[in-house]
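Report on one structure; see the data block that follows.
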Amino acid sequence: MKAIIKAERMPGNIILTQKDIPVPNDDEVLIKIKKAGICGTDFHIYKWDEWSQNRINPPVIMGHELAGVIEKTGKNATKYKKGDRVSAEGHIVCHHCKSCRNGLFHICDNVKIIGVDIDGCFAEYMCMPESNIWPLGEYISDKYGAIMDPLGNAMHTVMAQPVKDRNILITGAGSIGLFATAIARSQGADKIVVSEPNEMKSSIARKIGADLVINPLEENTESKILNLFGGHGPDVVLEMSGFKSAVELAFNVIAKGGDMALLGLSDKKITIDMNNNIIFKGITVRGINGRRMFETWQQCDDYLRDYAGNIDPVITHEIGMEEINRGFEMMAANQAVKVVLNI
Ligand SMILES: [Zn+2]
Ligand SMILES: [Zn+2]
């Protein structure tokens, strides 16, 4: 089968090659992949940054965002049959650690991520534990099935606190920040302000539900945001960028009693004024990782049933497997947001 691998421990070196079709064990299904989303995580592996160097053991088949069709089922995998259309949760969890036994599968101690720790979905076929499968209703096309993973990151972040009738600031309009903008709008948020320096991403944010997009590189961003929200700042901040300046902005402007959800990963340590920005403000800070299994998937399924068309502007490109490196180059040049591979 055709497969896209990270071949060696160096920048780039992403190759379309031939691999054997994997064989499912008793508890797995074999999926014929139709479409796969390229994620920021894949871009890190492409760049071979510090995180990738510590985590990835090439050669590995990349990719963790998928839509496909069941091709074969293991002996114990009886819930699905050949031909069923599916997506899948890419975090394979242990079911035994303390987090798993408390229903917090998304923070499993022993998680294995497809396309990172084990072979992923940038291939014609892949095996998945049956328990990771999310079946796709006819109202979810393959294109949307292939982005349920990052849509789920956004959903998890938005749903971590009430947003209805509250003022929201979203820092960072990559694909997850943009999905969060659309979801917060559908959930009845009051005013939604997005901070994003890139013009293409800003214009998409406006299209899919932001009342206003501000450029954080311009002067007086903090006072501008405070003025927008009646002098007391946003009730909810969804931090999607991981940039030090954005995190500092978020803590400085959030309203007293507000809710802060942090999803963006930082590449360096960030210092917070705990007294003034957390304790005296009485805010709640939450870290967001992955998707709740499978509450978030159900929420995404419901969202796509009603609003799939709303997130269309985020999926800027669909390309063939042989164009994978062009996909990364477009991401590097900020010319693409969500790129979907046709497998
Ligand atoms: Zn991803
Ligand atoms: Zn576990």
Side-chain angles (χ1 to χ4, degrees), residues 24-25 27-31 33-37 39 41 63-70 73-74 76-81 84-118 120-121 126-163 175-176 179-180 182-184 186-187 261 263 286-308 311:
N25 70 26
D27 301 311
E28 289 179 336
V29 297
L30 180 70
I31 305 171
I33 307 292
K34 298 284 190 190
K35 287 184 191 282
C39 177
T41 303
H64 56 269
E65 307 175 357
L66 67 104
V69 176
I70 302 267
T73 54
N76 304 327
T78 55
K79 306 265 187 310
Y80 303 98
K81 59 180 189 313
D84 286 352
R85 295 178 56 248
V86 298
S87 183
E89 167 58 55
H91 289 195
I92 296 171
V93 300
C94 76
H95 297 278
H96 297 296
C97 71
K98 187 182 175 199
S99 298
C100 283
R101 300 197 85 171
N102 281 286
L104 303 172
F105 299 103
H106 60 292
I107 45 173
C108 169
D109 287 348
N110 305 305
V111 66
K112 286 199 175 69
I113 304 180
I114 63 167
V116 171
D117 304 310
I118 54 175
C121 64
M126 81 166 296
C127 291
M128 258 296 180
E130 182 188 39
S131 56
N132 276 58
I133 295 296
W134 188 266
L136 295 178
E138 77 287 345
Y139 49 91
I140 302 179
S141 70
D142 290 344
K143 180 173 85 170
Y144 299 121
I147 55 86
M148 285 185 81
D149 168 300
L151 185 70
N153 292 128
M155 184 66 75
H156 187 182
T157 314
V158 174
M159 295 303 199
Q161 60 284 299
V163 296
S175 52
I176 297 176
F179 288 147
I183 293 167
S186 76
Q187 293 298 313
L263 177 109
R286 293 180 180 83
I288 308 293
N289 182 47
R291 297 145 297 280
R292 295 184 66 91
M293 291 170 223
F294 279 83
E295 181 189 2
T296 306
W297 283 83
Q298 185 62 59
Q299 290 163 339
C300 287
D301 193 296
D302 294 342
Y303 178 83
L304 289 172
R305 181 190 287 266
D306 296 332
Y307 302 110
I311 56 170

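No side-chain donor-acceptor contact under 3.5 Å links Asp27 to the backbone of Gly74. Of the possible donor and acceptor atoms, one in the side chain of Asp117 sits under 3.5 Å from a partner among the backbone N and O of Ile113. Proximity of a side-chain donor or acceptor of Ser99 to a complementary backbone N or O of Ile107 within less than 3.5 Å is detected.
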Discussion item. Could you go through Tyr139 and Asp306, starting from their C-alpha distance and side-chain angles, then the distance that decides it, and tell me whether this counts as side-chain hydrogen bond (donor to acceptor under 3.5 Å, both in side chains)?
Written reply: CA-CA 9 Å; Tyr139 49 91; Asp306 296 332; over 6 Å; no
Fill in: Trace of the side chain to side chain contact (heavy atoms under 4.5 Å, CB included) decision for Leu30 with Met126
CA-CA 6 Å; Leu30 180 70; Met126 81 166 296; 5.9 Å; no
Worksheet entry | Step-by-step side chain to side chain contact (heavy atoms under 4.5 Å, CB included) determination, Ile311 to Ile147 | CA-CA 10 Å; Ile311 56 170; Ile147 55 86; 3.7 Å; yes
Item to complete: Starting from the C-alpha separation in whole Å, work towards a yes-or-no answer on side chain to side chain contact (heavy atoms under 4.5 Å, CB included) for Phe179 and Val158.
Response: CA-CA 10 Å; Phe179 288 147; Val158 174; over 6 Å; no
Practice prompt. Determine, step by step, whether Ile114 and Met128 satisfy the side chain to side chain contact (heavy atoms under 4.5 Å, CB included) criterion, reporting the C-alpha distance in whole Å, the side-chain angles of both residues, the deciding distance to 0.1 Å, and the verdict.
Written response: CA-CA 9 Å; Ile114 63 167; Met128 258 296 180; 3.6 Å; yes
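Electrostatic pairing of Asp84 and Lys81 counts as a salt bridge here, judged by a charged N lying under 4.0 Å from a carboxylate O.
Between Ala77 and Glu28 the shortest heavy-atom distance is CB-O, 3.6 Å. The two atoms that bring Asn110 and Cys94 nearest to each other are ND2-SG, 3.4 Å, heavy atoms only. Residue Thr73 comes nearest to Tyr80 through the heavy atom pair CG2-O, 3.4 Å, listed as atom of the first residue, atom of the second, then distance. The shortest heavy-atom contact between Ala160 and Ile288 is CB-CD1, 3.7 Å. The two residues Cys97 and Asp109 have their closest heavy-atom pair at SG-N, 3.4 Å. Of all the heavy atoms in Gly145 and Ala67, the pair that sits closest is C-CB, 3.8 Å.
The local environment of CZ in Arg286 is crowded, with over 12 non-hydrogen atoms from other residues, nucleotides or ligands closer than 6.0 Å.
Rounded to the nearest 0.5 angstrom, Asn76 CG and Lys79 NZ are separated by 9.5 Å. Note: His106 NE2 to Met293 CE = 8.0 Å, rounded to the nearest 0.5 Å. Here the OG1 atom belonging to Thr296 is positioned 15.0 Å from the OH atom belonging to Tyr303, to the nearest 0.5 angstrom. The SG atom of Cys300 sits 4.5 Å away from atom CE of Met155, with the distance rounded to the nearest 0.5 Å. Put simply, CD1 on Ile33 and CD on Glu65 are 12.0 Å apart, with the number rounded to the nearest 0.5 Å.
Between Arg291 and the options His156, Glu89, Gln299, a side chain to side chain donor-acceptor pair (under 3.5 Å) holds for only Glu89. Exactly one residue among Lys35, Arg85, Lys34 makes a side chain to side chain donor-acceptor pair (under 3.5 Å) with Asp142. That residue is Arg85.
At least one side-chain heavy atom of Cys39 sits under 4.5 Å from a side-chain heavy atom of His64. Side-chain contact check for Leu304 versus Leu151: some heavy-atom pair is nearer than 4.5 Å. In this structure the side chain of Ile31 reaches within 4.5 angstrom of the side chain of Ile133, judged on heavy atoms. Annotation: side chain of Ile92 is in contact with side chain of Pro129 (closest heavy-atom distance under 4.5 Å). Glu295 has its side chain out of reach of Met159: every pair of non-hydrogen atoms, C-beta onward, lies at least 4.5 Å apart.
Ring-plane geometry between Phe294 and Trp134 is classed as parallel, the angle between the planes falling under 30 degrees on a 0 to 90 degree scale with a further cut at 60.
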